[in-house]
Number of protein chains: 2
Amino acid sequence: METERQNQAVAAYDRLKQDIVAGHFRPGEKLLMSHLKERYSLGTGPMREALSQLVAERLVTAISQRGYRVAKMSLAELEDIYDARAHLEAMIVGLAVERGDEHWEAQVIASAHTLASVAEIRSPEEMLSLWDRRHQAFHTAIASGCGSDKLMEARASLMGQAERYRQLWLRQTVFSTEALAHKREEHAALVEVLLARDAARASQMMLEHLQTPVPIITAVVRDAHLVAD
Amino acid sequence: METERQNQAVAAYDRLKQDIVAGHFRPGEKLLMSHLKERYSLGTGPMREALSQLVAERLVTAISQRGYRVAKMSLAELEDIYDARAHLEAMIVGLAVERGDEHWEAQVIASAHTLASVAEIRSPEEMLSLWDRRHQAFHTAIASGCGSDKLMEARASLMGQAERYRQLWLRQTVFSTEALAHKREEHAALVEVLLARDAARASQMMLEHLQTPVPIITAVVRDAHLVAD
DNA sequence: AAAAATAAAAATGTCGATATTTTTAAAAAA
DNA sequence: TTTTTTAAAAATATCGACATTTTTATTTTT
């Protein structure tokens, strides 16, 4: 058993993406080739390869002969991403309710339980990352019932684009006992409707559930001066 | 006014993608670096950049240290892509009917008219490419009413993955007077429902409309031995 | 025939040469 | 003096040649 050996471009892609999402490089910031090469200690070839991947994912913008920049964030983009994600996921959930089998049901119940039992026994940061991971696993478990790899890929692509905005929402929600309790209720209600196999209602609930973060993020984005407009 | 100067990686990406979609490189075929460099006359850097783009689009597969191959085609993938595309587009059409303005209506009517008036005055190949372009423009005009760039991107991504399969359907349909007439009817009925602003019905019609190519492509794929299974 | 050693082919990565863009400084005009 | 224009310099992006590492094919040995 040995770890799959990956090339430098992939390694650079992972690290740079992490740095952008975590805010080490800020929206709109110039990504200087010489700086990136030094930071990740590699040559121009693999670096450009990693950058062009991130361009395809809309996390970086490129202009020929003028280099790369971290993609800007905007309220318009925030709204578009969350609207698209909500409608896509609502559609997927409808399919999942129609198509999901017993194994799917079991996964949904299991991940819901695992998520609900996250307690504040650890440090705030650990609690945050644990809840986040389990929350994402919960939603992924629900969506996977649609049985379509391609729809799951489209979903993953939108979630990747949402990630920088989602990070802002996460802290607000997890560190608020009130907000967290409310999410717990929403999740419980969602599971109930899923198991009742009510496709239309599940779809509608998911649509609303996924739109709730927008006002919260809007406020944070404005405060943190992350956008120009 | 001068043409935007694009780099070699983008040029190579365009040409290679075209070559794959048009079948110059067949599914599963090894993409030898030395051969590609010669064919497109450029160095390894830009070539790898272009290849990694196509990997992200699922048109090429890569194994670290073992190079690149044209992604295989399969009946399972065909079904998944068309199922995903149909459900995505059905959802988008529902939004378009709800959100589309007068300008959207005008665009839909205009592109429907342009499509319907394709006549066999040119050579078969010209006729094919003309009908194809207008057909795509028609569907894009409808979808654009959803008003979401991100949904349009997700749609474009799926269409890109469908392209190799769609090419097979195109010839069968355009060169059959019967099939073409049937499509014309479907399109006319679709426009009618769109303008009547019946979201549920439009969505359902689009779902069915986009699933009709699957049996046709299945037959061609089997005949042409494009898949292993 | 199976395993090991060797040779050939291919993929990956670094580096420096070249072209382009941006910045800075100087000169000219308002 | 301030603004605009022009020219030079610096910074940067892009690319392909070359070197290194890894995989694959071939031959030799047991």
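Quick note: numbers below take in every heavy atom, side chains included, and nothing from hydrogens, waters or symmetry partners. Below, read A as the first sequence line, B as the second, and so on, with proteins coming before strands; counting in each chain starts at 1.
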Check: C/dT14, D/dA13, C/dA11: which one has an atom nearest the side-chain heavy atoms of B/Met33?
Finding: C/dA11
Item checked: A/Tyr68 OH to D/dT12 C1', straight-line distance once rounded to whole Å -> 13 Å
Next item on the list: Measure the distance from CD on B/Glu49 to P on D/dA13 and round it to the nearest whole Å.
Entry: 13 Å
Item checked: Residue closer to the 5' end of DNA chain C, A/Arg66 versus A/Gly45 (nearest nucleotide) -> A/Gly45
Check: For A/Asn7 and D/dT23, what is the distance between atoms CG and C1' respectively, to the nearest whole Å?
Finding: 15 Å
Check: When rounded to the nearest 0.5 angstrom, what distance separates CE in B/Met47 from NE2 in B/His35?
Finding: 10.5 Å
Check: Between D/dT14 atom P and B/Met47 atom CE, what is the distance in whole Å?
Finding: 17 Å
Note to self: Of the listed nucleotides (D/dA17, C/dA11, C/dC15), which one gets closest to any side-chain atom of A/Thr44?
What the structure shows: C/dC15
Next item on the list: Using the side chain to side chain donor-acceptor pair (under 3.5 Å) rule, take B/Ser144 and B/Gln107 through it: C-alpha gap first, then chi angles, then the decisive distance, then the call.
Entry: CA-CA 10 Å; B/Ser144 68; B/Gln107 287 297 121; over 6 Å; no
Notebook entry, point to check: For A/Gln65 and C/dT22, is the shortest distance between a side-chain N/O and OP1 or OP2 below 4.0 Å?
Noted result: no
Check: Roughly how many Å is it from CZ in B/Arg69 to C1' in D/dT24, rounded to a whole number?
Finding: 12 Å
Notebook entry, point to check: Which listed nucleotide (C/dT14, D/dG16, D/dT14) is nearest to the side chain of A/Pro46?
Noted result: C/dT14
Notebook entry, point to check: If we call it a pair only when both distances are under 3.5 Å in a Watson-Crick or G-U wobble match, what pairs with C/dT6?
Noted result: D/dA25
Next item on the list: Mind calculating the distance between NZ (A/Lys30) and P (D/dA13) to the nearest angstrom?
Entry: 4 Å
Note to self: Please verify the inter-ring angle class for B/His139 with B/His209; under 30° counts as parallel, over 60° as perpendicular, anything in between as tilted.
What the structure shows: parallel
Note to self: Before you tell me yes or no, could you show the steps for A/Tyr165 and A/Glu77 under side chain to side chain donor-acceptor pair (under 3.5 Å), namely the whole-Å CA-CA distance, both residues' side-chain angles and the distance that decides it to 0.1 Å?
What the structure shows: CA-CA 10 Å; A/Tyr165 299 95; A/Glu77 194 199 28; 2.4 Å; yes
Next item on the list: Could you tell me whether B/Glu125 and B/Arg171 make a salt bridge, using a distance below 4.0 angstrom between a side-chain N and a carboxylate O?
Entry: yes
Margin query: Rounded to whole Å, please give me the gap between CG in B/Leu32 and C1' in C/dA8.
Written below: 13 Å
Next item on the list: Quickly work out the A/Glu38 CD to D/dT12 C1' distance and round it to whole Å.
Entry: 15 Å
